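Data first, discussion second: the structure below is written as C-alpha cells.
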Amino acid sequence: MQIDHIIPESISAARLQELKDIGTVDSDFDLQRPRNLAPACRPCNRDKSNGDFLEHPKVLGRLRRALKFEPDIDRLVRNFFTANKMAKSMLTVRSADPNDPAAAAAFAQHGPAIVQAVAQIDPAMADYRTTAVVQGEYGETHLLLNSRGRTAVTIIEELCLTPMSEAVEHLVDTLVSRIDDQVRFSLAQDDSDDVSPASIHFLDLEITNFDFEGTGAVSVVAQGTFDVTFSAIVVQNNQWGDGLVDRQGDGDASGSLWVELNWNRDAVGAPSDVYAEIHDWNPRVGWT
C-alpha cells in the first residue's frame, strides 16, 4: 500500500495557482496536507502516475469531503507520532510477517506475555481469531474462530465424535436445500411455472460467528455470508398459451446465513437435526 497525492506533487506552481484562482481548491491548499493524500495499491498508483483527473466531479467531491475529516486525521497522526516506544513496537509486531522464521521465533518467545498483559487490561481484548478452511463438494467453507468458536469445534469433534469436515458437510447440505428454495422462487415468473431443482456450481461460505450452547444436548450455531452460482430449468407456457417451453436461468447470488446443528444427549456422529435460514438473498439471473 502506498500514499497517493490526489493532486500530484509534480504539478507546476502555475497550474496549482490556477486551480486556486478558479476555486477548484482552497487558497491555502497544501499538496502535503491529509486532504490531498489517499491510500493506493502500487499498481493503481503507478497507473495514475502524475494525472490529477480533476475534470471528473467525483475526484473533486472526494477532495472536498476529505477536507471535513482533516481535523480528525491531524489529531490521529499527531497521536501516532507522539506515542511511546511501546506503541511503536506494537505497530512493528503488527506489520511483521509471521511466516518469516526470525519473526515467528520472536512471536513464540514474546507473544504469550503480550497476550497476558492485554488480558489484564480487558480479558475480551485478549481473544483472537484463527481461520479454518474446509473443502467441500461445492467449494470452500472458511471459519473465523474466536475462543468460543474453537471450543465449539472441540465439542463437535471430541464430545459428539463428529469430524469437523462432516459437520460442515451437513451444514452445507442443509444450506444448499434452502438455496434451492430461493432459486426456485427467484426463477418462477408465474404460479404455473415448473422450476427444476437448482444445480449449484459453486458455493463459497464464510462463517464469522461459530458458537455453542447446551446442558446435555449440544447446539452449535453458525452465522456468516455466502456467494453462490446456480442454474435451473424453468418450464412455462409459451407466449400464445398453447404449449410449453423450456428456459434455462443462470445466475449468482449472495446472502447471509444462520444455521443450527443439534446433537441429542449422548448422541455421537452426525447431528440429529440441522436447521438453516437465509437472509439478504440478492440474486442476479440471466436467461437462455
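Computed from a predicted structure; not experimentally measured.
A distance of 9.0 Å separates NE2 in H201 from CZ in F230, rounded to the nearest 0.5 Å. For the atom pair CG of D204 and CG of D227, the computed distance is 6.0 Å after rounding to the nearest 0.5 Å. The OG1 atom of T154 sits 9.5 Å away from the CG atom of L145 when rounded to the nearest 0.5 Å. Rounded to the nearest 0.5 angstrom, I6 CD1 and L37 CG are separated by 7.5 Å. To the nearest 0.5 angstrom, F212 atom CZ is 10.5 Å from L159 atom CG. I179 CD1 to S186 OG: the interatomic distance, rounded to the nearest 0.5 Å, is 11.0 Å.
Within the structure, every pair that satisfies the salt bridge (charged side-chain N to carboxylate O under 4.0 Å, His left out) test and touches residues 134-150, not counting sequence neighbours, is listed here: D127-R150, R148-D211. A side chain to side chain donor-acceptor pair (under 3.5 Å) check over residues 12-22, counting only residues at least two apart or in different chains, returns the pairs Q17-D21. Counting only residues at least two apart or on different chains, the salt bridge (charged side-chain N to carboxylate O under 4.0 Å, His left out) pairs with a member in residues 154-179 are R178-D181.
Side chain of N282 to backbone of S254: no donor-acceptor contact under 3.5 angstrom is found. For the pair W258 (side chain) and Y275 (backbone), a donor-acceptor distance under 3.5 Å is absent. Listed for the D26 side chain is no donor-acceptor partner under 3.5 Å among the backbone atoms of D28. No donor-acceptor distance shorter than 3.5 angstrom exists from the side chain of D280 to the backbone of S256, with no hydrogens or angles considered.
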Review point. Would I156 and L261 satisfy side-chain contact (heavy atoms from CB on, under 4.5 Å), going step by step from the backbone distance to the final call?
Key: CA-CA 10 Å; I156 290 173; L261 302 97; 6.0 Å; no
Practice item. Show the numbers, then the answer: is there a side-chain contact (heavy atoms from CB on, under 4.5 Å) between F226 and T141? Key: CA-CA 9 Å; F226 67 88; T141 298; over 6 Å; no
Exercise for review: Please test H5 against I11 for side-chain contact (heavy atoms from CB on, under 4.5 Å), starting from the C-alpha separation and ending with a verdict.
Suggested key: CA-CA 10 Å; H5 290 76; I11 191 172; over 6 Å; no
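What you find for A198 and D180 is that their closest heavy atoms are N-OD1, 2.7 Å. The minimum heavy-atom distance between A103 and A96, with the atom names listed, is CB-CB, 4.4 Å. The minimum heavy-atom distance between T162 and A167, with the atom names listed, is CG2-N, 4.0 Å. Closest heavy-atom contact between T225 and L257: O-CD2, 3.8 Å. Annotation for H170 and P271: closest pair CD2-CD, 3.5 Å, computed over non-hydrogen atoms.
No side-chain heavy atom of L19 sits less than 4.5 Å from a side-chain heavy atom of F29. Looking at heavy atoms from C-beta onward, I155 lies out of side-chain contact with V220 at the 4.5 angstrom threshold. Looking at heavy atoms from C-beta onward, V172 lies out of side-chain contact with V134 at the 4.5 angstrom threshold.
V221 and L144 are not part of a single hydrophobic cluster, where members link through side-chain heavy atoms under 4.5 Å apart. Tracing side-chain contacts under 4.5 Å through hydrophobic residues (I, L, V, M, F, W, Y), one never reaches V183 starting from F202; they form parts of separate clusters. Both I278 and V274 are members of a single hydrophobic cluster when ILVMFWY side chains are connected at heavy-atom separations under 4.5 Å. Under the 4.5 Å side-chain contact rule for hydrophobic residues, I233 and V176 do not share a cluster.
Using a 3.5 Å distance cut-off with no hydrogens or angles, the side chains of S219 and E260 do pair a donor with an acceptor.
The environment of Y128 atom OH is sparse: at most 12 non-hydrogen atoms of other residues, nucleotides or ligands sit within 6.0 angstrom. Heavy atoms of other residues, nucleotides or ligands lying less than 6.0 angstrom from CD1 of I22 number more than 12.
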